[in-house]
Amino acid sequence: MNASTAGTTPTVAEDWWRNAVVYQIYPRSFADANGDGTGDLAGVASRLPHLASLGADALWISPFYPSPLADGGYDVADYRNVDPRFGTLADFTVLADETHRHGLKLIVDLVPNHSSDQHPWFREARAAEPGSAARDRYIFRDGTGPNGDEPPSDWQSHFGGSAWTRLPDGQWYLHLFAPEQPDFNWDNPDVRADFLTTLRFWSDLGVDGFRVDVAHGLVKDMSEPLRSQPNLDKLLPDDGSDPLYDRDGVHEIYAEWRQLFNEYTPARMAVAESWAPAARRPLYARADGLGQAFNFDLVNARWDSRQFRTIITTALEDAARCNASSTWVLSNHDIVRHASRFALPNETDLDAWLQSDGVFPQEDRAMGLSRARAATLLMLALPGSAYLYQGEELGLFEVADLDEAVLEDPIWTRTGHRLKGRDGCRVPLPWTEDGASFGFGAGGSWLPQPAWFGDLAASRQDGRKGSTLGLYRNAISLRRALQSAADVEWIDTPGALHFRRGQWESITNFDTTPIPVPAGTVLLGSNPAFKEQTDVIPPDTTLWLAIKPDAAGEG
Ligand code: NOJ
């Protein structure tokens with residue numbers, strides 16, 4: 001395969017995703033139309049005006065398929081249907097039509113590494129004999145040890161504990177996540193064929209693209225003896241030699257998908273959720289593969305201009321290497337919200353902080369929100385796609401003090417209550433400052449909302465000068481005009497991250513003291529306090545400036 005394979009490179013008209021602002025919806029927690037406490041597709045449809053007025057180009061909806069919700073829907077029991085809690089296929093069709101009517105594209109989540117243990121194929125496999133065709137669709141092995149009662153290998157699940165679970169007949173099956181999420185065997189032709197059917201099913205229903213879950217995990221080295229891979233947190237090798245992740249074989253699968261995507265007009269886009277090493281990200285993002293890959297490096301960046309600059313430079317170079325566009329993510333449904341991350345000292349262990357119910361250390365929320373707004377404005381100034389997570393446009397913080405009794409993330413139970421998991425960024429959104437569940441729905445909310453959600457409700461911020469919601473709207477609207485600007489050209493300004501794109505500059509003050517405003521006309525600032533101090537940029541602030549054409553050549 002070759003990145004420039006003739007005939008597979010999308011045309012410009014099909015490239016809407018290259019510089020898109022994509023808004024992620026976690027459907028359980030976005031908006032609840034039927035008042036049962038769980039968000040639904042009709043709720044999403046009812047809030048499309050919010051997304052349109054935000055200026056988003058596309059929405060990506062996390063899984064809404066039939067699921068026991070053992071992992072919030074990333075345990076799919078039927079890939080071509082809608083869970084009754086989220087609605088019906090008819091609701092989906094209405095949502096797709098309405099999304100397009102609002103000028104937005106629609107991306108759905110595809111979960112190909114594993115299904116739910118309630119998927120008919122796994123139920124069949126469980127009931128079938130060892131060595132049967134039904135078991136071959138998943139990854140079954142005999143155990144080790146004298147009676148086979150030790151797991152086939154030392155592989156660990158991401159959510160804690162062994163990645164193998166034993167069935168009563170003695171065989172073990174592999175699950176890189178929860179036991180309720182058995183891994184598919186991608187060497188099995190039924191699996192390959194069925195996912196092509198699923199991709200076609202949703203593409204025919206009008207979806208514009210797919211976010212591909214655990215895209216680097218589908219192909220495993222199952223040659224005996226199984227190799228040891230005890231430490232999931234270590235960095236993956238950059239030669240594809242890990243037994244479980246980022247193996248070259250995954251790209252054959254994506255090449256086949258790409259052919260299917262390109263049968264549609266416009267071609268369906270796809271973005272890989274792959275935690276592959278930076279050097280191998282372009283393999284996922286090339287035109288004859290998925291086309292785009294998430295870059296999560298900003299998620300791990302602390303408030304440090306050098307770190308930001310290195311991450312941005314590397315990401316832009318990697319994307320250029322495969323003629324893709326870079327992606328930027330500050331928050332999503334798996335990580336502590338960035339307004340809280342930036343409210344904590346740089347060295348904070350976020351897991352330990354969550355374990356302390358967000359008490360040690362205490363958040364400095366004013367600082368966190370300033371830095372979050374500055375980081376967002378910086379991110380939106382960059383070329384490439386910006387993926388936003390629901391609620392970040394309201395400046396929501398992590399709900400770190402959820403009562404242990406309400407936690408649903410499998411990480412909580414799988415780690416023996418050592419880690420609280422990801423529920424704190426999944427608390428249903430506050431739409432109104434009062435009323436039942438702050439306007440999330442007519443009833444309650446599946447996770448309790450804290451009282452301070454009311455202060456950050458969308459209704460409270462709508463039209464209010466200096467609000468975070470207003471900042472997102474202004475920035476996304478300006479960005480649209482500016483995205484055709486030139487590539488990033490760095491300007492060395494002490495204490496700051498400063499770059500130019502054509503006649504436009506973005507400067508972020510990472511220092512603890514104010515820095516001078518560069519020459520130019522201020523277009524937008526992340527800090528509402530900026531106006532009173534027109535000649536200096538306060539700490540934790542980003543400004544966008546227009547510079548005069550004759551000044552653009554200097555610097
Ligand atoms: C990544 C998803 O973002 C996460 O929420 C999920 O738990 C795992 N993949 C497993 O599907």
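Order of listing sets the numbers, starting from 1, for every ligand and every atom in it. Note that the coordinates shown come from a computational prediction; the quantities given were computed from them, not determined experimentally. For the single chain, residues carry numbers from 1 onward in sequence order.
- For ligand 1, the atoms sitting less than 4.0 Å from at least one non-hydrogen atom of Val214 are 9 (N), numbered in the order shown with element in parentheses.
- Each of Trp164, Phe184, Trp186 was scored for a ring-ring contact (aromatic ring centres under 6.0 Å, His included) with Tyr138, with one residue passing: Phe184.
- Between Tyr254 and Trp257, the ring-plane angle classifies as perpendicular under the 30° and 60° cut-offs.
- Using a 4.0 angstrom heavy-atom cutoff, Arg422 counts as in contact with ligand 1.
- Shown here are the salt bridge (charged side-chain N to carboxylate O under 4.0 Å, His left out) partners of Arg365, two or more places apart in sequence or in another chain: Glu363.
- Two residues are said to be in side-chain contact when any heavy atoms from C-beta on lie closer than 4.5 Å; Val427 and Leu402 meet this criterion.
- Of the protein's non-hydrogen atoms, the one nearest atom 8 (C) of ligand 1 is Phe177 CE2, 3.8 Å.
- Heavy-atom proximity to His114, at under 4.0 Å, picks out these atoms of ligand 1: 10 (C), 11 (O).
- Using a 4.5 Å cut-off on side-chain heavy atoms (C-beta onward), Val76 and Pro66 make no contact.
- Within the 4.0 Å heavy-atom criterion, the part of Glu273 lying near ligand 1 is the side chain and not the backbone.
- Within the structure, the closest approach of Gln24 to ligand 1 does not fall below 4.0 Å when heavy atoms are considered.
- Below 4.0 Å from some heavy atom of Arg426 lie the following atoms of ligand 1, by number and element: 5 (O).
- For atom 3 (O) of ligand 1, the nearest protein heavy atom (residue, atom name, distance) is Asp334 OD2, 2.5 Å.
- Across Asp246, Thr327, Asp297, a single residue satisfies side-chain hydrogen bond (donor to acceptor under 3.5 Å, both in side chains) together with Arg281, and that is Asp297.
- Closest heavy-atom approach to atom 2 (C) of ligand 1 within the set Ile411, Asp109, Asp71, Asp213: this belongs to Asp213.
- The side-chain contact (heavy atoms from CB on, under 4.5 Å) check on Gln355 picks up Trp412, Lys420, with sequence neighbours excluded.
- Residue-ligand proximity, Phe159 to ligand 1, at heavy-atom distances under 4.0 Å covers atoms 7 (O).
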